[in-house]
Amino acid sequence: MSHALQILPSLLAADFARLGEQIAEVESAGTQMLHYDVMDGRFVPNISMGVPVLESIRKVTRCWLDVHLMIVEPERYVEAFRAAGADSISVHQEASPHLHRTLGLIRSTGAKAGVVLNPGTPVHSIEDVLDLADFVLLMSVNPGFGGQKFLLSSLGKIRQLAQLRSQRNLNYAIELDGGVDMTNAREIAEAGCDWLVAGSSVFRGESPATSVRELHACALSGRQLSA
Ligand code: DX5
Ligand code: ZN
């Protein structure tokens with residue numbers, strides 16, 4: 001899996017009435033991956049977008065579509081999201097009693113498979129499936145809403161995952177989601193994060209394109225420090 005540094009604009013924070021336009025804006029700033037949040041009002045206390053919206057987005061962008069399933073029984077929807085255009089699909093450890101099987105199912109569709117950890121879930125809980133994960137997504141807020149404050153405890157988890165990856169000679173990318181902005185992007189990348197998801201800090205400011213560029217430059221300076 002590519003460990004190239006990426007800023008993934010989270011479409012949850014976009015203006016849904018102007019989705020195509022907003023996607024074109026962030027693409028013009030070099031965005032290669034978009035983050036797509038699926039919420040069911042059960043696993044998390046909010047409802048967002050589903051399969052049909054992803055299908056429409058697939059038609060207007062060549063970006064990698066990273067689908068984050070915050071739903072109960074995520075295995076039931078893997079094939080539908082893949083068919084709608086998902087390039088990667090992640091499921092929560094907390095929602096997946098048969099994580100090993102579900103990651104295998106995602107890979108069998110041809111999508112890259114990710115496992116997600118809530119802030120309250122330790123890294124050791126996924127140690128036995130790391131060889132089946134193409135990426136690990138760390139939540140740095142409690143999932144369900146955009147615009148929440150970044151939880152510092154996620155930095156230690158990034159370091160733990162980076163260490164495990166080199167110790168075991170694994171290849172997963174490390175992704176982080178929640179509260180990413182210009183005040184912390186550098187530190188997050190320095191800790192070893194490859195993919196930084198950013199919602200409010202990209203779409204709720206004056207210019208999404210400028211914000212993507214600035215976040216990328218900021219994260220790049222952190223990555224150079226860690227090299
Ligand atoms: C939260 C979602 C995030 C959200 C991040 O449950 O998984 O992807 O869009 O939004 P910000 O960047 O505003 O915290
Ligand atoms: Zn997300």
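Every number for a ligand or one of its atoms is a count from 1 in the order of the listing.
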Enquirer: Looking only at distances, please establish whether an N/O atom of ligand 1 is found under 3.5 Å from an N/O atom of Pro143.
Expert: no
Enquirer: Would you mind checking which non-hydrogen protein atom is closest to atom 9 (O) of ligand 1, with the distance to 0.1 Å?
Expert: Ser10 OG, 2.7 Å
Enquirer: How is the N/O/S atom of His68 that comes nearest to the Zn ion (ligand 2) named?
Expert: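 Of the nitrogen, oxygen and sulfur atoms in His68, the Zn ion (ligand 2) lies nearest to ND1.
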Enquirer: Quick test: of every protein heavy atom, which one is nearest to atom 12 (O) of ligand 1, and how far off is it to 0.1 Å?
Expert: Gly199 N, 2.8 Å
Enquirer: Within a distance under 4.0 Å of any heavy atom of Met39, pick out the atoms of ligand 1 and give their elements.
Expert: 6 (O)
Enquirer: Under 3.5 Å between any N/O of Gly144 and any N/O of ligand 1: does that happen in this structure?
Expert: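 Indeed, backbone or side chain, Gly144 has an N or O that close.
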Enquirer: So which protein heavy atom does atom 10 (O) of ligand 1 come closest to, and at what separation?
Expert: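 The closest one turns out to be Gly146 CA, 3.5 Å.
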Enquirer: Give the residue, atom name and distance (to 0.1 Å) of the protein heavy atom nearest atom 11 (P) of ligand 1.
Expert: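 Here the closest protein heavy atom is Gly147 N, 3.7 Å.
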Enquirer: Contact between ligand 1 and Ala198 is defined here as a heavy atom of the residue under 4.0 Å from a ligand atom; is it met?
Expert: yes
Enquirer: What do you get for the angle at the Zn ion (ligand 2) between NE2 on His35 and OD1 on Asp37, to the nearest 10 degrees?
Expert: 90°
Enquirer: Give the residue and atom name of whichever protein heavy atom lies nearest to atom 13 (O) of ligand 1, and the separation in Å to one decimal.
Expert: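 Answer, as residue, atom name and distance: Ser200 OG, 2.5 Å.
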Enquirer: Of Ile57, Val53, Asp37, which is the lone residue that meets side chain to side chain contact (heavy atoms under 4.5 Å, CB included) with Leu11?
Expert: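 Testing each of Ile57, Val53, Asp37 against Leu11, the sole residue satisfying side chain to side chain contact (heavy atoms under 4.5 Å, CB included) is Ile57.
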Enquirer: Would a line drawn from the ring center of Tyr36 to the ring center of His68 be shorter than 6.0 Å?
Expert: no
Enquirer: Which N, O or S atom name in Asp177 marks its closest approach to the Zn ion (ligand 2)?
Expert: OD2
Enquirer: Just to confirm my output: which protein heavy-atom neighbour is closest to atom 14 (O) of ligand 1, and how far is it?
Expert: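 Looking at atom 14 (O) of ligand 1, the protein heavy atom closest to it is Gly179 N, 2.8 Å.
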Enquirer: Checking the N or O distance criterion of under 3.5 Å, is ligand 1 in contact with Asp177?
Expert: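 Yes: some nitrogen or oxygen of Asp177 is under 3.5 Å from one in ligand 1.
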Enquirer: Which of the atoms in ligand 1, numbered in the order shown and given with their element, are less than 4.0 Å from a heavy-atom of Met139?
Expert: 7 (O)
Enquirer: Does an N or O from Asp37, backbone or side chain, lie closer than 3.5 Å to an N or O of ligand 1?
Expert: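 N/O-N/O distance under 3.5 Å: yes.
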